[in-house]
2 protein chains.
Amino acid sequence: MSPKAQIPGIAFRKHDHRRCQRQLLSEATQLCAERNLRLTSRRRQVLEILLASHQPMGAYDILAELNRTDPDEQIAPPIVYRALEFLLGEGLIHRIESLNAFISCAQPGHRCGAQFLICRDCDQVAEFEASDDGLLAEAGNLGFAVDHSVVEITGVCAECQKHVG
Amino acid sequence: MSPKAQIPGIAFRKHDHRRCQRQLLSEATQLCAERNLRLTSRRRQVLEILLASHQPMGAYDILAELNRTDPDEQIAPPIVYRALEFLLGEGLIHRIESLNAFISCAQPGHRCGAQFLICRDCDQVAEFEASDDGLLAEAGNLGFAVDHSVVEITGVCAECQKHVG
DNA sequence: CGACATAGTGTTATATTATAACGTAACGAT
DNA sequence: ATCGTTACGTTATAATATAACACTATGTCG
């Protein structure tokens, strides 16, 4: 189902994708239960679409996917944006600002800021664990109260460097 | 996004703004000369508008400003976007991804990645010097060839914390 | 139960941000 | 002076996002 599963890239280090997807969905379900929140079917639908690719999708891509799988009803943008808003708020997905796109979170529940590597060759995006502690500390030293940090690094992933160079 | 020069904030630590503005414009002129590039009057106009506030402005705000100061001609979006593209390319301005906005660079010529603190209270944005070396190093360790990094930290600046709390 | 409050969804219209495509003008080299 | 290139101008439209309001489902408390 993921459009680019065969393309070598930074994000899909071999893993059992179906399993991973199921796992994340179940974590999301549990997390919402714990927080006493409603993972409604719309919200779940949107999350599933994002989980299916692990890759960033625009809101309108998601919309198209919804309308494709369910051609009876014609969904409009606000429905998607509202689901995204919920999922973002609960840390189940992230927004990639420099792509105007959304991606499922690799570690839902860890309410930490996320960092992303964005390959401009294969368009894949990897969430990576980097300590932005230094940055946040410096912000703190300036008396700045941090809400949210966006770290998005664009470049060429290891795989793509091989294939081009 | 009108300028908010009187609002206390993170960006305008007291400085002779007129002087600073003149200085940066002159640096830009010199830098283009060195690089054998044309800082045309359109490009200069756009840069001046951004320098005038030191604050992020949307492309359409800049457009409005152009059309306000020169009501004879009615400028269209592509003109602004092309000027912005040029200025971005030369590191004379930055794009704030999470605001879809543009801001003049505090240190043109230093072709380093920029980091921003964005106050969600007073809407001011400060470019700050933080070492994102750690992040970039980690990206490098993963074999990722970095082109460009976006670091945007949202929160509440020191001034606004005083006024609210 | 049933009336209410609230949260979520659906729908229409529209705002905001950005670019494609194509023609004209300015500049710079030979 | 002409030619190739770069920048500008113009029109139209694409892509992204939200406002506003009506309707439906869900939980809750008498």
Side-chain angles (χ1 to χ4, degrees), chain A residues 28-29 32-33 35-50 56-67 69-90 92-103 123 150 152, chain B residues 1-2 28-29 32-33 35-50 56-67 69-90 92-103 123 150 152:
Chain A
T29 306
C32 285
R35 294 182 187 164
N36 218 7
L37 298 168
R38 295 167 56 199
L39 186 59
T40 61
S41 72
R42 277 285 178 242
R43 291 166 176 175
R44 185 191 309 269
Q45 267 183 303
V46 170
L47 179 57
E48 282 177 340
I49 288 171
L50 285 171
M57 295 180 73
Y60 280 74
D61 296 330
I62 297 169
L63 182 60
E65 184 63 14
L66 282 172
N67 282 331
T69 54
D70 213 338
D72 298 337
E73 48 181 1
Q74 276 303 48
I75 304 290
I79 290 180
V80 172
Y81 280 101
R82 285 193 289 232
L84 291 170
E85 187 179 20
F86 171 84
L87 297 167
L88 281 170
E90 299 310 318
L92 297 172
I93 64 173
H94 299 289
R95 184 181 157 82
I96 310 284
E97 298 290 348
S98 49
L99 299 176
N100 291 332
F102 304 85
I103 191 171
D123 291 328
V150 170
E152 298 172 10
Chain B
M1 291 190 195
S2 60
T29 306
C32 286
R35 293 181 188 165
N36 218 8
L37 298 168
R38 296 166 56 200
L39 186 59
T40 61
S41 72
R42 276 284 177 244
R43 290 165 176 175
R44 183 192 310 269
Q45 267 183 303
V46 170
L47 179 57
E48 283 176 340
I49 288 171
L50 285 172
M57 296 180 73
Y60 280 73
D61 295 329
I62 296 169
L63 181 60
E65 184 63 15
L66 281 172
N67 283 332
T69 54
D70 213 338
D72 298 337
E73 48 181 4
Q74 275 304 49
I75 303 293
I79 290 180
V80 172
Y81 279 101
R82 284 194 289 234
L84 290 170
E85 187 179 19
F86 172 85
L87 297 168
L88 281 170
E90 299 309 318
L92 298 172
I93 65 174
H94 299 289
R95 185 180 158 82
I96 310 285
E97 298 291 347
S98 50
L99 299 176
N100 292 332
F102 303 86
I103 191 171
D123 290 327
V150 170
E152 299 173 10

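Quick caveat, the model's predicted, so the values are computed rather than measured. Naming convention: chains lettered A, B, ... in sequence-line order (proteins, then strands); numbering from 1 in each chain.
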Check: More 5' along DNA chain D: B:Ala83 or A:Gly58, using each one's nearest nucleotide?
Finding: B:Ala83
Notebook entry, point to check: Nearest to the side chain of B:Arg38 - D:dT16, C:dC27, C:dA20?
Noted result: C:dC27
Notebook entry, point to check: Side-chain donor or acceptor of A:Arg82 under 3.5 Å from a matching atom on the base of C:dG10?
Noted result: yes
Item checked: A:Phe102 side chain, from C-beta outward: closest of C:dT19, D:dA17, C:dG10 -> D:dA17
Checklist line | Contact under 4.0 Å: B:Arg95 side-chain N or O vs C:dT17 OP1/OP2 | finding: no
Notebook entry, point to check: Base, sugar-phosphate, or nothing: which does B:Glu85 touch, judged by heavy atoms less than 4.0 Å apart?
Noted result: nothing
Checklist line | Value in whole Å for how far the P atom of D:dA7 lies from CG of B:Leu84 | finding: 15 Å
Next item on the list: Determine: side-chain N/O of A:Thr40 to OP1/OP2 of D:dA25, distance under 4.0 Å, yes or no.
Entry: no
Notebook entry, point to check: Within less than 4.0 Å of OP1 or OP2 of D:dT18, is there a side-chain N or O belonging to A:Tyr81?
Noted result: no
Notebook entry, point to check: Are A:Tyr60 and A:Val80 side-chain neighbours, meaning at least one heavy-atom pair lies under 4.5 Å?
Noted result: no
Note to self: Using side-chain heavy atoms (C-beta onward) and a distance below 4.5 Å, is B:Leu84 in contact with B:Ile62?
What the structure shows: yes
Check: Hey, does B:Arg44 reach any base, or is it just sugar-phosphate, or nothing, if we go heavy atoms under 4.0 Å?
Finding: nothing
Check: So does B:Tyr60 reach the base of C:dA18 with its side chain, donor to acceptor, closer than 3.5 Å?
Finding: yes
Next item on the list: Could you work out which one of D:dT10, D:dA17, C:dA18 sits closest to the side chain of B:Ala76?
Entry: D:dT10
Margin query: Donor-acceptor pair, distance only, cut-off 3.5 Å: does the side chain of A:Arg43 make one with the backbone of A:Arg38?
Written below: yes
Notebook entry, point to check: Rounding to a whole Å, what distance do you find between A:Glu90:CD and C:dA7:C1'?
Noted result: 14 Å
Checklist line | Length of the CG-P vector between B:Leu37 and C:dG28, whole Å | finding: 12 Å
Margin query: Counting distance alone, no hydrogens or angles: does the base of C:dG10 have a donor or acceptor under 3.5 Å from a partner atom on the side chain of A:Arg42?
Written below: no
Notebook entry, point to check: Taking the nucleotide of DNA chain D with the closest heavy atom to each, which residue, B:Ser41 or A:Asp61, is nearer the 5' end?
Noted result: B:Ser41
Notebook entry, point to check: B:Ile79 has an atom CD1; how far is it from atom P of C:dT17, in whole Å?
Noted result: 19 Å
Next item on the list: Kindly say whether B:Leu66 contributes a backbone atom to a donor-acceptor pair with the side chain of B:Gln45 at under 3.5 angstrom?
Entry: no
Notebook entry, point to check: What's the CG-P distance between A:Asn100 and C:dA15, to the nearest Å?
Noted result: 20 Å
Note to self: A side-chain contact here means heavy atoms from C-beta on lying under 4.5 Å apart; do A:Ile75 and A:Asp70 qualify?
What the structure shows: no
Checklist line | Protein-nucleotide distance (A:Gln74, atom CD; C:dT11, atom P), rounded to Å | finding: 10 Å
Next item on the list: Specify the separation, in whole Å, of atom CZ of A:Arg43 and atom P of D:dA25.
Entry: 16 Å
Notebook entry, point to check: Could you state the interatomic distance from CG (A:Leu87) to CD (A:Glu90), rounded to the nearest 0.5 Å?
Noted result: 8.5 Å
Notebook entry, point to check: Which whole-number value in Å describes the distance from A:Phe86 CZ to C:dG8 P?
Noted result: 7 Å
